[in-house]
Amino acid sequence: MKVTKAIIPAAGLGTRVLPASKSIPKEMLPIVDKPAIQYIVEEAVQSGITDILIITSRGKSPMEDHFDRTPELEERLLASGKKDLYDQVVDVTKMANIQYIRQKETKGLGHAVWCAKSFVGDDPFAVMYGDDVIISDHPVCGQLCRAYEEFGLAVAGIKEVTEEQILKYSSLRVEPIRENLFKVTDMIEKPKRDQVLSLYSILGRCVLPAKIFSILEHTKPGAGGEIQLTDAMLELAHAEGMIGVDYIGTRYDMGNKLGILQASVEVGLAHPEIGEDFRAYLKELSKSL
């Protein structure tokens, strides 16, 4: 079955990037000239997604404004002969059918996903974490959707991380299928050192069947006292299996100050408008480091 729906959980407070996130949603922090959330929406659209639900919270309305029309700005751009900028601004509003719902209590990623139950209905859907911008010539959400369509099972986007990072993320037990595809047989959220199953972790993306909601309804709070999506995914993996895709792409953690800087530098170097000048600047700067 083709995957055409995606949810983007974006209700977190962004405490790791304070004080900037006190007044600006972390999803609206720019990477060069576009906010992080736009990169995620663009990836979804390039992957064949037509309907997107962004899960927000209090103070996140600038995200809704970004994907809405702005008649005054559009008129000013046209009157100034800035047709290219006008097209860019308007195109943002036409990328997909975007809806919003508020997660009124921050009870964890599992609860955030559960809030999307009525939007999803009986359809499979992608989960695209609002903190994770993944740059790739092959949209990562699309890589996962193709695996779902082939196997008919839940799919997790996975990458190997360091021994220190795995303690903060989830750890998976995997068995190779072919190339970058794996069977996922077990997982644990925020493991202790003696609980690590492998250095493979779920990072940023997954595709799930609607039956995940019946599991989330009885999933008890786990690590951090929150309802963990990985706990529900583990039950699903045990019941019918799960596929892991070691995706092709570079992930930037936009809830992390270093991740934001890395994204800005690497995307800036490839930017058609400023890339060449920025590269020259970095080369000159590096002489003094």
Side-chain angles (χ1 to χ4, degrees), residues 4-70 73 85 87-103 106 109 112-113 115-116 119 125-136 139-142 144 157 203-207 229 247 249-268 270-271:
T4 61
K5 293 180 178 179
I7 66 171
I8 303 175
L13 296 175
T15 53
R16 291 181 296 160
V17 290
L18 282 168
S21 56
K22 181 175 182 288
S23 58
I24 303 169
K26 65 181 184 299
E27 298 84 5
M28 288 300 294
L29 293 173
I31 302 175
V32 187
D33 54 0
K34 292 190 293 190
I37 189 74
Q38 185 174 332
Y39 287 88
I40 299 173
V41 170
E42 286 175 345
E43 178 195 330
V45 172
Q46 291 162 7
S47 301
I49 300 296
T50 56
D51 295 273
I52 298 171
L53 179 69
I54 301 178
I55 300 167
T56 70
S57 59
R58 186 176 180 274
K60 301 278 188 167
S61 56
M63 281 192 290
E64 298 183 38
D65 293 340
H66 181 68
F67 293 104
D68 200 359
R69 296 293 295 266
T70 49
L73 174 61
L85 279 176
D87 290 340
Q88 289 179 43
V89 168
V90 173
D91 287 348
V92 167
T93 71
K94 298 179 177 180
M95 289 192 292
N97 174 30
I98 302 177
Q99 303 175 45
Y100 306 87
I101 189 171
R102 283 197 178 192
Q103 183 187 15
T106 51
L109 181 58
V113 170
C115 291
F119 166 79
F125 63 103
V127 181
M128 307 177 71
Y129 299 14
D131 278 354
D132 293 308
V133 169
I134 307 176
I135 304 297
S136 177
V140 170
C141 182
L144 271 60
L203 288 185
R205 305 287 184 267
C206 55
V207 174
L229 181 61
Y247 56 75
T250 303
R251 168 185 170 266
Y252 301 102
D253 182 356
M254 294 301 292
N256 176 287
K257 294 171 186 175
L258 180 58
I260 294 168
L261 286 172
Q262 290 169 329
S264 296
V265 170
E266 294 177 29
V267 172
H271 195 282

Are the side chains of [X] and [Y] in touch, meaning some heavy atoms are under 4.5 Å apart?
X	Y	answer
Ile52	Ile8	yes
Ile260	Tyr252	no
Asp33	His271	yes

Hey, could you give me the [atom1]/[atom2] distance between [X] and [Y], rounded to the nearest 0.5 Å?
X	Y	atom1	atom2	answer
Ile98	Leu53	CD1	CG	10.5 Å
Leu29	Lys257	CG	NZ	11.5 Å
Met63	Asp65	CE	CG	10.5 Å
Asp87	Leu85	CG	CG	9.0 Å
Ile101	Thr56	CD1	OG1	8.5 Å
Ser47	Met128	OG	CE	6.0 Å

By salt bridge (charged side-chain N to carboxylate O under 4.0 Å, His left out), Glu42 pairs with (sequence neighbours left out) Lys34
Residues at least two apart in sequence or cross-chain that pass salt bridge (charged side-chain N to carboxylate O under 4.0 Å, His left out) with Arg69, listed by chain then number, are Glu74
I need the single residue from Arg102, Met28, Gln103, Lys26 that forms a side chain to side chain contact (heavy atoms under 4.5 Å, CB included) with Lys60. Which is it?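 Exactly one candidate clears the test, Lys26.
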The residue among Thr4, Val207, Val113 that forms side chain to side chain contact (heavy atoms under 4.5 Å, CB included) with Phe125 is Val113
Tell me the closest heavy-atom pair linking [X] and [Y], and the distance in Å.
X	Y	answer
Ser264	Val32	O-CG2, 3.9 Å
Val133	Ile135	CG1-CD1, 3.8 Å
Pro35	His66	CG-NE2, 3.4 Å
Ala96	Val45	CB-CG2, 3.9 Å
Ile7	Ala116	CG2-CB, 3.7 Å
Gly130	Ile40	O-CD1, 3.6 Å

side-chain contact (heavy atoms from CB on, under 4.5 Å) assessment of Met95 paired with Ile49
CA-CA 10 Å; Met95 289 192 292; Ile49 300 296; over 6 Å; no
- Query: Would you say Tyr247's side chain and Ser136's backbone share a donor-acceptor pair under 3.5 angstrom?
  - Reply: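 Checked: no pair found.
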query = Given the rule in the side-chain contact (heavy atoms from CB on, under 4.5 Å) test, do Ile31 and Met254 qualify, once you have shown the distances and angles that lead to the verdict?
reply = CA-CA 9 Å; Ile31 302 175; Met254 294 301 292; 3.7 Å; yes
For a side-chain contact (heavy atoms from CB on, under 4.5 Å) check, start with the C-alpha distance between Tyr129 and Leu229, then their side-chain angles and the critical distance, and finish with the verdict. CA-CA 12 Å; Tyr129 299 14; Leu229 181 61; 4.1 Å; yes
